[in-house]
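Worksheet: the structure to be examined is printed underneath.
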Amino acid sequence: MKALVLSAGVRPAGYSLPRQIVPIANKPVLEYVVENLRDIGITDIGIVVGDGAQEISELFGDGAYLGVSITYIQQDVPLGLAHCVRIARPFLGDEDFVMYVGDNVLVEGIAQIADEFERLRPSAQVLVDKVEDPRLYGVAEVDENSRVTRLIEHPQEPRSDLAMIGVYFFTPAIHAAVDAIEPSWRGQFEITDALQWLVTHERDVRARMYSGFWKGTGKVEDVLECNRELLMGLRTDIQGIVDDESRLIGDVVVEEGARVVRSCIVGPVIIGAGTLVEESIIGPYTSIGADCRIVESGVADSIVLNEASVHNVSGIETSLIGRRARVGSARQHRLVVGDGAHVEVAA
């Protein structure tokens with residue numbers, strides 16, 4: 001089985017990084033995706049990329065450091081998920097494959113779902129979960145045997161609350177379906193339309209409930225929620241230096257070359273390589289990237305990306321501080337600071 005990972009989406013406002021490689025718990029979102037695929041034995045992975053192709057390929061290379069082989073597939077215009085399947089056909093060939101939206105975090109992985117697909121081998125199997133507002137998703141209607149009877153994208157009057165959450169298992173039957181459909185009212189080749197084509201042609205399409213934590217990372221609030229969830233799996237690991245005047249409470253990771261000086265760290269917290277935390281209070285639920293400087297400040301429930309600097313700012317909470325950003329002085333609770341920005345916070 002192969003994998004097709006979709007990473008041609010837009011960038012978060014104010015950030016130069018594609019959202020699929022924004023670090024959560026100091027690891028890019030896309031790395032969690034690749035690890036989930038590797039954990040079910042898939043090592044041949046195609047990644048569909050858009051205008052973030054260079055950043056993604058520079059980060060992951062050929063995938064060897066993660067134990068996989070990566071092929072990059074360029075999508076010049078974002079024309080929908082089914083279009084990604086079309087342009088990836090030379091890579092996919094006639095093999096079964098899993099398609100995984102690359103800005104989704106599924107903390108518990110997909111091993112059980114993969115086993116079920118291989119055992120039953122329907123034409124398609126989609127992961128679903130109940131959501132509060134199905135109008136924001138592609139929605140599946142399902143019978144008592146978990147067979148899909150109808151699918152619709154962004155329904156205005158949904159008849160089901162089962163949303164497709166961005167992981168799909170396919171046999172080669174999907175290729176005829178994506179070739180048969182036309183663009184939707186959104187101008188997209190919708191994967192829901194391709195799945196509906198299979199249903200209409202009496203192919204076996206099944207839905208599988210996902211019982212673990214999942215979240216897309218398109219909004220800052222979602223990124224921070226994923227950060228909290230992933231940090232809860234931390235175990236204390238001190239590779240850097242923590243001086244005698246500092247206190248560590250709970251699970252804290254201090255990476256190599258990092259220094260904690262006259263500070264209190266309340267886990268779960270991860271402090272990246274080469275970072276200095278001095279006379280500060282950090283955590284809980286905070287990820288600080290590599291080569292940052294946090295001095296005379298308080299940061300909790302936040303993400304601070306590589307090479308950022310925070311000086312003399314107390315009470316930062318539920319914030320996202322971009323790469324090489326500088327934040328200084330006075331008091332503020334919630335910040336979203338873009339890459340390279342310089343902010344002097346007013347009292």
Side-chain angles (χ1 to χ4, degrees), residues 3-22 29-30 33 46-56 72-92 97-104 123-124 126-128 131 133-141 148-170 172-201 203 205 207 215-219 222:
L4 185 65
V5 177
L6 311 185
S7 297
V10 299
R11 303 164 188 262
Y15 293 87
S16 60
L17 285 173
R19 68 189 184 196
Q20 295 85 0
I21 58 175
V22 169
V29 172
L30 199 54
V33 172
I47 299 182
V48 178
V49 292
D51 64 0
Q54 181 175 345
E55 295 99 322
I56 292 171
Y72 296 98
I73 301 163
Q74 184 70 39
Q75 185 186 40
D76 293 325
V77 181
L79 292 176
L81 274 61
H83 181 256
C84 293
V85 176
R86 280 189 180 185
I87 65 175
R89 182 67 189 274
F91 166 76
L92 295 168
F97 67 98
V98 54
M99 184 170 76
Y100 202 130
V101 176
D103 60 356
N104 279 7
S123 295
V126 300
L127 267 65
V128 298
V131 296
D133 190 353
R135 294 173 301 173
L136 303 177
Y137 299 87
V139 172
E141 297 174 19
V148 176
T149 60
R150 185 170 181 260
L151 300 110
I152 186 167
E153 189 70 33
H154 290 71
Q156 291 305 302
E157 297 181 1
R159 300 192 300 190
S160 166
D161 61 356
L162 294 178
M164 293 183 287
I165 65 172
V167 179
Y168 312 79
F169 288 82
F170 293 122
I174 192 63
H175 296 300
V178 300
D179 286 343
I181 63 172
E182 299 292 332
S184 69
W185 61 270
R186 301 194 305 167
Q188 304 271 298
F189 291 93
E190 309 283 4
I191 200 65
T192 46
D193 291 345
L195 288 162
Q196 182 60 49
W197 188 94
L198 291 175
V199 171
T200 301
H201 288 78
R203 303 302 294 265
V205 178
K215 183 70 67 173
T217 55
K219 298 184 293 185
D222 297 333

Decide if atom CZ of Arg203 counts as having more than 12 heavy atoms of other residues, nucleotides or ligands within a radius under 6.0 Å.
no
Considering only heavy atoms from C-beta outward, does the side chain of Leu81 approach that of Val101 to under 4.5 Å?
yes
Any chance you could lay out the side chain to side chain contact (heavy atoms under 4.5 Å, CB included) test for Val128 and Val148, step after step, and finish with the verdict?
CA-CA 11 Å; Val128 298; Val148 176; over 6 Å; no
For the atom pair CD1 (Ile174) and OH (Tyr168), what is the distance rounded to the nearest 0.5 Å?
10.0 Å
Are any of the side-chain heavy atoms of Val85 and Leu4 separated by less than 4.5 Å?
yes
Within the structure provided, determine whether Ile47 and Leu30 are in side-chain contact (heavy-atom separation under 4.5 Å).
yes
To the nearest 0.5 Å, how far apart are OG1 in Thr217 and CD1 in Ile21?
11.5 Å
Parallel, tilted or perpendicular: which fits the ring planes of Phe189 and His83, with parallel below 30° and perpendicular above 60°?
parallel
How about Thr192 and Gln196: does a side-chain donor come under 3.5 Å of a side-chain acceptor?
no
Would you say that Val199 contacts Arg150 through its side chain, given a criterion of any heavy-atom pair below 4.5 Å between the two side chains?
no
Is the backbone of Gly50 close enough, under 3.5 Å, to the side chain of Gln74 for a donor and an acceptor to pair up by distance?
yes
Here the pair of heavy atoms bringing Val29 nearest to Gly102 is CG1-O, 3.6 Å
Are any of the side-chain heavy atoms of Leu195 and Val126 separated by less than 4.5 Å?
yes
Mind checking the OH-CD1 spacing from Tyr137 to Ile165? Nearest 0.5 Å is all I need.
9.5 Å
Could you go through residues 175-182 and list every donor-acceptor pair under 3.5 Å that involves a side-chain atom there, pairing it with any protein atom two or more places apart or in another chain?
none

Apply salt bridge (Lys or Arg N to Asp or Glu O under 4.0 Å) to Arg186 and list each qualifying residue two or more places apart in sequence or on a separate chain.
Glu153, Glu190
Nearest heavy atoms of Ala124 and Leu198, plus distance in Å:
CB-CD1, 4.1 Å
In sequence, state the C-alpha distance, the side-chain angles, and the governing distance for Ile56 and Tyr72, and then conclude on side chain to side chain contact (heavy atoms under 4.5 Å, CB included).
CA-CA 9 Å; Ile56 292 171; Tyr72 296 98; 4.0 Å; yes
Counting C-beta onward and ignoring hydrogens, is there a side-chain heavy-atom pair between Leu151 and Met164 closer than 4.5 Å?
yes
So, taking the atom named CZ in Phe170 and the one named CD1 in Ile191, what distance separates them when rounded to the nearest 0.5 Å?
4.0 Å
Would you check if the side chain of Asp103 reaches a backbone N or O of Gly218 as a donor-acceptor pair within less than 3.5 Å?
no
Mind listing the closest non-hydrogen atom pair of Pro158 and Pro134 along with its distance?
CB-CB, 3.8 Å
Point-to-point distance, once rounded to the nearest 0.5 Å, from CD1 of Ile152 to CD of Glu157:
9.5 Å
So which heavy atom on Asn104 is nearest to which on Gly166, and how close?
ND2-CA, 3.6 Å
More than 12 heavy atoms of other residues, nucleotides or ligands under 6.0 Å from CZ of Arg135: is that the case?
no
Closest non-hydrogen contact found for Ile73 with Ala88 is CD1-CB, 3.8 Å
